[in-house]
Amino acid sequence: MEDAQESGGCLVQNQKYCVERPIYNQEILQGQLHKRERTPQSLRQKIEHSCRCSSKKAKSHLYSFLPILKWLPRYPVKEYLLGDIISGISTGVMQLPQGTFAVISMMVGGVAVRQVPDEVVSVGYNSTNATDASDYYSLRDDKRVQVAVTLAFLSGIIQLCLGFLRFGFVAIYLTEPLVRGFTTAAAVHVFTSQLKYLLGVKTSRYSGPLSVVYSLIAVFSKITTTNIAALIVGLTCIALLLIGKEINLRFKKKLPVPIPMEIIVVIIGTGVSAGMNLTESYGVDVVGKIPQGLSAPAVPEIQLIPAIFIDAVAIAIVGFSMAVSMAKIFALKHGYTIDGNQMSLLAYFVQIAGALSSIMVLLVIVAIGYLFEPLPQTVLAAIVMVNLKGMFKQFADVAHFWRTSKIELAIWVVAFVASLFLGLDYGLLTAVAFAMITVIYRTQRPQYRILGQIPDTDIYCDVEEYEEVKEYPGIKIFQANTSLYFANSESYTSALKKKTGVDPCAILAARRKAQKKHAREIKKANKVKKKAVLKLVNPSTNDVEASVKHEIANDGLPANGKFAFVDAGVQDGSPDELEHFVEPKTNVHSLILDFAPVNFVDSVGAKTLKSVIKEYNEVGVCVCIASCSGPVTNELTRLNFFDNTVTRELLFHSIHDAVLACQGKDRSASQTALDH
C-alpha cells in the first residue's frame, strides 16, 4: 500500500499542469459558448409524459415496488441459502413470544392494555359477567387480540399509503448519528422490558414517555421477590450464548456455517424445563399455552380506528424508522444501498430469511406450538438481551463523535435521550427536528477565511493555515463555506468587514468627520485673516471685501463657500481614526468573493451582495465574484441582481482569473495617475 502511494506521488510530482488562455469573466465566457437549444415543456406535456406508459417504465416501477423480482433470479443459492435457513429458524424461534421488533411489540401491547385494561373488560366490547377466572382472562385476551389486529391493519395501510406517496425520502434525514442514537435507545427499551422475565418478577406494563424509568422502578421495587431458579437459568443461557457467539466470531473462516446457539439454547431450555418441571417445582414462568390453528378471517374492529389512529401512525413511522435504521447499519457494514420507499411491511417478507422465519412461526402456530409451551420466559429474555450486545457497543460512539464532530455528538445524544425518555415515537420526531436545526445552525455559523496564493500556481488556500500561502498586495480574497440567504446575510457582511479589515461605513464616517474638521479649521483661519486685514487697512467697505475675497481665493477656499474633499483630507486627520478600518500597511483596492461553496442565494442574499458591492465601490474598492456556479448565476439573474452598475463583468470563472483582472486594472490605474 505504501509503495502504491509512493509511486502515485511520484507520478503526480513528475507531471506538469500548463495552461495558457485568456482571462475569463462571465461576460466573455458566455460570449464564446453556445447554449443547447431546449424546448420548454408545457404543463400538459409534463403530465402526458409522466402518465405515458411503456414496457421499460412499467418494469422499472414493478422492480421499485417488488425488488424481489429483480434479485431473486440472481440469488446465490450455494453461498447464502444455508445461512438464511439458520437465520430464519433462529429468528422464528425468537418471534414466538414477541414480534419482529420488541419495540413495536411493546408499543402494540401498550395500546392493547390501554384499550382493554387488566382490571376490567370494557363495556364497549360487549363484556359479560364472567365468573370463571380463566374464561375472564380468555375473553380479555381475545379483545386485546382484536385491538392488536386492528392496529396492525391500520399501520399497514398507513405504510402502504406512505410508500405510494414516495414517503421514503425522509430516510435521508435519518443521519448515521441519529440512527445509532435512536437504535441504542431502542436497545435500552428492549433490555428494560426483558429484566422482569430474567429475574422472574411480576410488574405492570408501561408505555409512553418515561416508561423506561417506571419499568426500572417497578422491577427494582420488587427485586426481593426475584425467582432464583429463573435467574440461574437465564444467566446460564446468557453465558452459553456469549460463548457460542465468541466461537462463531473467532472461527468464522473455519466454520462452514455459524453455530445456531439460539436454537440450541431454546431446545435445551425447553427440555430442562419439561424434565425438571420448573413451573411446578420452582415457579418459573414459561411461555404457556400457544393456541393452535388460525382464526377464521374477520373484518378488523372499525369502531376502534378513531381511538387508535394516532398510535397507528406512530407505530407505522417507528416501524419504518427501525427498518431503515437497521438497513442503514447493515448497508454501511456491507456496502449496500437502500431505497427508503421499499422499507415497508412487504419488504420484510420478500427477504429469504424473513420468509423462512414467517414459515417457522406459521408452522408453530398450526402444528407444533405445544412443543414450546414448557420454554421458560427467562430463556427468551436471555436470547433477546444477548442479541442487543451489538447495539450497546454503540455507546462507544460518544467518544468517537467527541473527537470528530461535536455537532454529530449532539445529534446522537439528543436522539438517544429523547427516544429513551419520551418514547421512540416522540423521541424520533425530536431527533429529526434537532438534526434539521443543526443544518440551520451550520449555515449561520460557517467558517470564514481569507485566501492567498501558493506561489507560482493558481491554487488558493487559507492564509492563516499555511506558511507558504501569500496574499497579493492590495487584493483580499474572501471565502465563506455556506450559501448566502436571509438567515446568515448579516453575519456574512460582518465577517467580510472583520476579515478584510475594510469597513466602508466606518471609512465614510471617518471621512465625513475629517471633512468637517478640515472645514472648521479653514473657517477659523479665514476669520483670523479677515480681522488682520481690517486692522491693517481702513478703506471703503467694497475695497475691504474685495481684499478679503482675494486673500481667501489665494488660500484655496472656493468662492461658493463649499469644500471639495479629496482623499488627502482623510490624511490630514489623525492616523488613529482609520487604524482599525484599514490595515495601515495594506492599501486594498480589490475584493474577490469566492462563491465556489455557495449553493443558492435568495432575495435577501442578493440584496446584501449588491449592497456590499455598492458600499465598497464608494470607498474605492472594486468587488469581484469568482467561481459562481451556473445555477447560482441563474438565481441572481431571476432576482434582478444585474443592472447598469452591477454587470456580469464582475463574475469570473475562477479566483485566478479575478486576481489577474484586478492586477491589470490596478496597473492601468497606477499608470494613468503617473501620466497625470
Side-chain angles (χ1 to χ4, degrees), residues 79-102 105 187 190-191 193-195 197-200 227-279 281-282 284-290 351-393:
E79 186 178 354
Y80 289 166
L81 184 60
L82 184 58
D84 282 338
I85 290 174
I86 295 175
S87 176
I89 295 174
S90 301
T91 308
V93 169
M94 292 177 60
Q95 288 176 341
L96 296 180
Q98 54 189 355
T100 306
F101 291 112
S105 300
V190 175
F191 186 88
S193 70
Q194 300 301 311
L195 272 178
Y197 299 114
L198 180 68
L199 300 175
N227 188 307
I228 302 301
L231 181 59
I232 292 173
V233 172
L235 292 177
T236 303
C237 292
I238 289 176
L240 291 174
L241 289 167
L242 290 175
I243 292 172
K245 288 185 177 295
E246 188 65 23
I247 293 173
N248 285 335
L249 183 62
R250 291 196 176 188
F251 301 98
K252 178 170 58 176
K253 295 181 179 179
K254 296 182 179 180
L255 293 173
V257 293
I259 301 174
M261 285 305 299
E262 287 84 0
I263 299 175
I264 294 173
V265 166
V266 166
I267 294 173
I268 294 174
T270 304
V272 170
S273 176
M276 298 180 63
N277 197 12
L278 294 180
T279 304
S281 302
Y282 301 99
V284 176
D285 291 331
V286 296
V287 172
K289 184 179 180 181
I290 299 178
Q351 307 297 321
I352 297 297
L356 293 173
S357 175
S358 302
I359 294 172
M360 175 70 182
V361 174
L362 180 63
L363 181 64
V364 170
I365 291 175
V366 173
I368 62 173
Y370 68 94
L371 295 176
F372 295 94
E373 290 179 0
L375 177 62
Q377 291 187 356
T378 185
V379 174
L380 294 170
I383 294 174
V384 172
M385 288 179 170
V386 171
N387 283 319
L388 294 174
K389 178 184 174 183
M391 293 298 175
F392 284 127
K393 286 183 178 179

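Every value quoted in this text rests on a predicted model; they were computed, and no experiment measured them.
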Exercise. Where the side chain of Ser281 meets the backbone of Asn277, is there a donor-acceptor pair that is under 3.5 Å apart?
Worked result: yes

Exercise. Do side-chain atoms of Asp285 reach the backbone of Gly200 as a donor and acceptor pair under 3.5 angstrom?
Worked result: no

Gap separating the [atom1] atom of [X] from the [atom2] atom of [Y], nearest 0.5 angstrom:
X	Y	atom1	atom2	result
Met261	Asn248	CE	CG	8.0 Å
Gln194	Leu388	CD	CG	8.0 Å
Leu278	Ile232	CG	CD1	10.5 Å

Problem set entry | For Val286 against Pro374, the heavy-atom pair lying closest together | CG1-O, 3.3 Å

Seminar exercise, completed: Shortest non-hydrogen pair, Cys237 vs Val265, comes out as SG-CG1, 3.6 Å

Problem set entry | Stepwise side-chain contact (heavy atoms from CB on, under 4.5 Å) check, Ser273 with Val284 | CA-CA 9 Å; Ser273 176; Val284 176; over 6 Å; no

Seminar exercise, completed: Applying side chain to side chain contact (heavy atoms under 4.5 Å, CB included) to Ile268 and not counting sequence neighbours gives Ile264, Val272

Exercise. Is Phe392 atom CZ crowded by more than 12 heavy atoms from other residues, nucleotides or ligands, each under 6.0 Å away?
Worked result: yes

Problem set entry | Pair Val266-Leu375, side-chain contact (heavy atoms from CB on, under 4.5 Å): steps then yes or no | CA-CA 7 Å; Val266 166; Leu375 177 62; 4.1 Å; yes

Exercise. Are Asn387 and Glu262 close enough, and set up right, to give a side-chain contact (heavy atoms from CB on, under 4.5 Å), and what steps lead you there?
Worked result: CA-CA 10 Å; Asn387 283 319; Glu262 287 84 0; 3.3 Å; yes

Seminar exercise, completed: Tested for side-chain contact (heavy atoms from CB on, under 4.5 Å) against Ile238, the lone hit among Leu241, Thr236, Leu242, Leu240 is Leu242

Exercise. Stepwise, does the side-chain contact (heavy atoms from CB on, under 4.5 Å) test hold for Asn227 with Leu199?
Worked result: CA-CA 6 Å; Asn227 188 307; Leu199 300 175; over 6 Å; no

Exercise. Side chain to side chain donor-acceptor pair (under 3.5 Å): which pairs involve residues 371-383, sequence neighbours left out?
Worked result: none

For this session: With sequence neighbours excluded, give me every salt bridge (charged side-chain N to carboxylate O under 4.0 Å, His left out) pair touching residues 377-389.
Result: none

